[in-house]
Student: 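I'd like to ask you about the structure that follows.
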Amino acid sequence: MNAFENFIGGRWTASKSGALFGDENPALRGSSLGLFQSSTVEDVRAAVGAAAAAFPGWRRTPAAERRQRLAAFLDLLKASREELARIVTLENGKTIKESRAEVDSALVEGSHHVNQIEVFFARSGPAAFSDRTWMQFEPVGVAGIISPWNFPMNVMCRKTLPALLTGNTVVFKPATFTPWSGVFMAGLLEKAGLPGGVFNCVTGAGSSIGNALVADPRVRAVSFTGSTAVGKQIQQQAAANLTRTQLELGGKNALIVMDDADLAAAVDAAVTAGFSNAGQWCTSTSRVLLHRPIARTFLQMLVARCEKITVGDGLAETTDMGPVAGPVQYEDIRKAIRQAQDDGARMIAGDMFDSGGQPAGYFIRPTVFTDVAPDMAIFRDEVFGPVLAVCEFDSIDDALALGNRSMYGLSSAIFTSDRRTAQAYIDGIDAGLAHVNIHTGYKEPAMPFGGVKQSGAGLPENSETGLEFFVDRKAVYVRG
Ligand code: NDP
């Protein structure tokens, strides 16, 4: 079986621990796709040391050259599209079509950042008492990047490119469910000709090595995507050194459907954003709020669509929805479903447990609950699985009150044909992303991507803010 190493200081190296962990294909319980380093705090320190040593040289490398290297990386990524998509599907479980889309969107976002960098570095301002003045951007230093398993290559790319383009060096830790994609991306960056130490990749359990990365005083910026609980820990640890953090966290995203909506389009949005990636997007729809007059019809249409969804091995081109990412997710989602049933919600689509033998993988059918009250866990807590909680409302004000009744505020959507209702929603919803007649998972590279309330903190990813997170601002005044 293949054993993969860490990438530190431009060299592939084994962990000082001598220990390895396996990477399971979630469509096949008990399988192992490869072995990865169970890294230690010492390994992380070595990676940070390599990144710190490489920083002065990389910072002085002309931006045009950095741009060229990262454009070469994007070319390699494009050429590896099919191989990488297969790896993503094998270790994450999502369908091969979804994995290809993940690579494609990383290419679009990456090109956006590579193109932006040409005009990014300085902004002039009106000089009042000096002759010339401008704001100059400087790289912050070593950036720690911690990524999740739900978009194992895309999220890494969305953070790593802005960090490297702006002149920072990087230590990257992929999620334990999906180390292969991370290590594969490290290999592409090596092939793109980055100097040793500019990009480093260390695998291993976040609970044991994450702290070493975040709390190291040489790390000046931490970009994290994952759970709100870990995000809060990271912010606390980073505060000790005033290290800046970019946190993209959980959500409980609401889709509002008004009685004047195009119902077929709204059902399509619920299915797309509810069940793509088995409901494991941070922007997945997880609450569906229905205007009472159309609720019955909408639910009939939704259940009919759910029954047609083919759940199975993501590598089969005919599969619509793969397994969830691993055993922990599987158990957590089943627990949330049981809790909803115990609380009195009604399952109108989905599996009844204990009806068959042990499935080969971590498969959960698209699940829909009605009769959901806002104080139930299924309405309140992020499930991160293919589960929709449905509530009904009587007016746009009620819908907004329900939509905002959450500690989260990442994404949201409304389906309506009335512009005033749409505007009331845009103004009234507490979320980082507001969609009108578009599903909750949609985003574009030129727009910021991040949440409010407990869904995120720090400058959002994507767009200019994605680059700005990784720079310090220097005010320059010149006379003569
Ligand atoms: P985590 O937040 O635990 O993991 C995300 C990343 O953080 C992984 O790389 C993980 O490493 C790492 N990590 C874990 N603990 C620490 C730590 N103490 N310090 C630094 N890094 C750490 O998410 P889970 O994978 O456990 O998923 C749990 C829930 O989080 C999901 O059910 C979902 O609700 C939410 N989530 C949200 C995502 C989003 O896109 N916003 C993405 C993924 C999860 P390791 O894998 O080794 O544990």
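Both counts, for ligands and for their atoms, begin at 1 and track the order of listing. Values reported hereafter were calculated over all heavy atoms of this structure, with side chains retained and with hydrogens, waters and symmetry mates removed. Start at 1 with the first residue, then count along the sequence.
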Student: On a heavy-atom basis, I'd like to know which of Gly210, Gly226, Ser38 is closest to atom 36 (N) of ligand 1.
Tutor: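 Answer by nearest heavy atom: Gly226.
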Student: Under 6.0 Å between ring centres: does that hold for Trp149 and Phe384?
Tutor: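 Under 6.0 Å, so yes.
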Student: Any N/O of Leu249 closer than 3.5 Å to an N/O of ligand 1?
Tutor: yes
Student: Identify the closest protein heavy atom to atom 18 (N) of ligand 1: which residue and atom is it, and at what distance?
Tutor: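 Going by distance alone, atom 18 (N) of ligand 1 is nearest to Gln233 OE1, 3.3 Å.
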Student: Got the closest protein heavy atom to atom 3 (O) of ligand 1, with its distance?
Tutor: Val230 CG2, 3.6 Å
Student: Applying a heavy-atom cut-off of 4.0 Å, say which part of Gln237 lies close to ligand 1: side chain, backbone, both or neither.
Tutor: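 No part of Gln237 comes within reach of ligand 1.
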Student: Tell me the protein heavy atom at minimum distance from atom 42 (C) of ligand 1, and give that distance in Å.
Tutor: Pro148 CB, 3.3 Å
Student: Side chain, backbone, both or neither: which applies to Thr176 and ligand 1 if a contact is any heavy-atom pair less than 4.0 Å apart?
Tutor: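 Both backbone and side chain.
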Student: Thr225 near ligand 1, heavy-atom distance under 4.0 Å?
Tutor: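 Per 4.0 Å heavy-atom rule, Thr225 contacts ligand 1.
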Student: Where on Ser227 is there a heavy atom closer than 4.0 Å to ligand 1, on the side chain, on the backbone, on both, or on neither?
Tutor: both
Student: With a 4.0 Å cut-off on heavy atoms, does Gly251 reach ligand 1?
Tutor: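 Contact absent.
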Student: Using 4.0 Å as the upper bound for N to carboxylate O, is an ion pair formed by Asp320 and Arg305?
Tutor: no
Student: If we count only N and O atoms by modelled type, under 3.5 Å, do the side chains of Thr319 and Thr95 hold a donor and an acceptor together?
Tutor: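 No, Thr95 and Thr319 have no side-chain donor paired with an acceptor closer than 3.5 Å.
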Student: Would you confirm whether Gln37, through its side chain, and Ser15, through its main-chain N or O, come within 3.5 Å as a donor-acceptor pair?
Tutor: yes
Student: Nearest non-hydrogen contact with atom 44 (C) of ligand 1 belongs to which option: Phe21, Phe384, Tyr408?
Tutor: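 Going through Phe21, Phe384, Tyr408 one by one, Phe384 has the nearest heavy atom to atom 44 (C) of ligand 1.
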Student: Once the angle between the rings of Phe4 and Phe36 is folded into 0 to 90°, is it parallel (under 30°), tilted (30 to 60°) or perpendicular (over 60°)?
Tutor: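 Ring orientation of Phe4 relative to Phe36: parallel.
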Student: Indicate yes or no for a side-chain donor-acceptor contact from Arg66 to the backbone of Trp58 under 3.5 Å, with no hydrogens or angles considered.
Tutor: yes
Student: Do the side-chain N and O atoms of Ser39 and Lys173 include a donor-acceptor pair separated by under 3.5 angstrom?
Tutor: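 Distance-only check fails for Ser39 and Lys173.
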Student: Thinking salt bridges, do Arg81 and Asp104 make one under a 4.0 Å N-O criterion?
Tutor: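 Judged by the 4.0 Å cut-off on N to carboxylate O distance, Arg81 and Asp104 do form a salt bridge.
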Student: Which ligand 1 atoms, with their elements, are less than 4.0 angstrom from a heavy-atom of Ala205?
Tutor: 47 (O)
Student: For atom 12 (C) of ligand 1, what is the closest protein heavy atom, and at what distance to 0.1 Å?
Tutor: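 That would be Ile146 CG2, 3.7 Å.
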Student: Could a heavy atom of Gln329 be found less than 4.0 Å from some atom of ligand 1?
Tutor: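 Yes, Gln329 has heavy atoms under 4.0 Å from ligand 1.
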Student: To the nearest 0.1 Å, how far is atom 34 (O) of ligand 1 from its closest protein heavy atom, and which atom is that?
Tutor: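 The closest one turns out to be Glu382 OE1, 2.5 Å.
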Student: Just checking, is any N or O donor in the side chain of Ser286 or Glu382 under 3.5 Å from an acceptor N or O on the other one?
Tutor: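 The criterion, which ignores hydrogens and geometry beyond distance, is not satisfied for Glu382 and Ser286.
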Student: Return the closest protein heavy atom for atom 48 (O) of ligand 1 as residue, atom name and distance.
Tutor: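 Result for atom 48 (O) of ligand 1: Gly206 N, 3.8 Å.
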Student: Report the nearest protein non-hydrogen atom to atom 39 (C) of ligand 1: residue, atom name, distance rounded to 0.1 Å.
Tutor: Cys282 CB, 3.4 Å
Student: Keeping Ser284 on the side-chain end and Trp281 on the backbone end, is there a donor-acceptor pair under 3.5 Å?
Tutor: yes
Student: For ligand 1, which atoms sit closer than 4.0 Å to a heavy atom of Glu248?
Tutor: 41 (N)
Student: To which protein heavy atom is atom 25 (O) of ligand 1 closest, and what is the distance rounded to 0.1 Å?
Tutor: Trp149 NE1, 2.5 Å
Student: Tell me which part of Ser147 gets within contact of ligand 1: side chain, backbone, both or neither, using heavy atoms under 4.0 Å.
Tutor: backbone
Student: Where on Trp281 is there a heavy atom closer than 4.0 Å to ligand 1, on the side chain, on the backbone, on both, or on neither?
Tutor: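 Neither; nothing of Trp281 gets under 4.0 Å from ligand 1.
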Student: Please determine whether any non-hydrogen atom of Phe224 lies less than 4.0 Å from an atom of ligand 1.
Tutor: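 Yes, Phe224 has a heavy atom closer than 4.0 Å to ligand 1.
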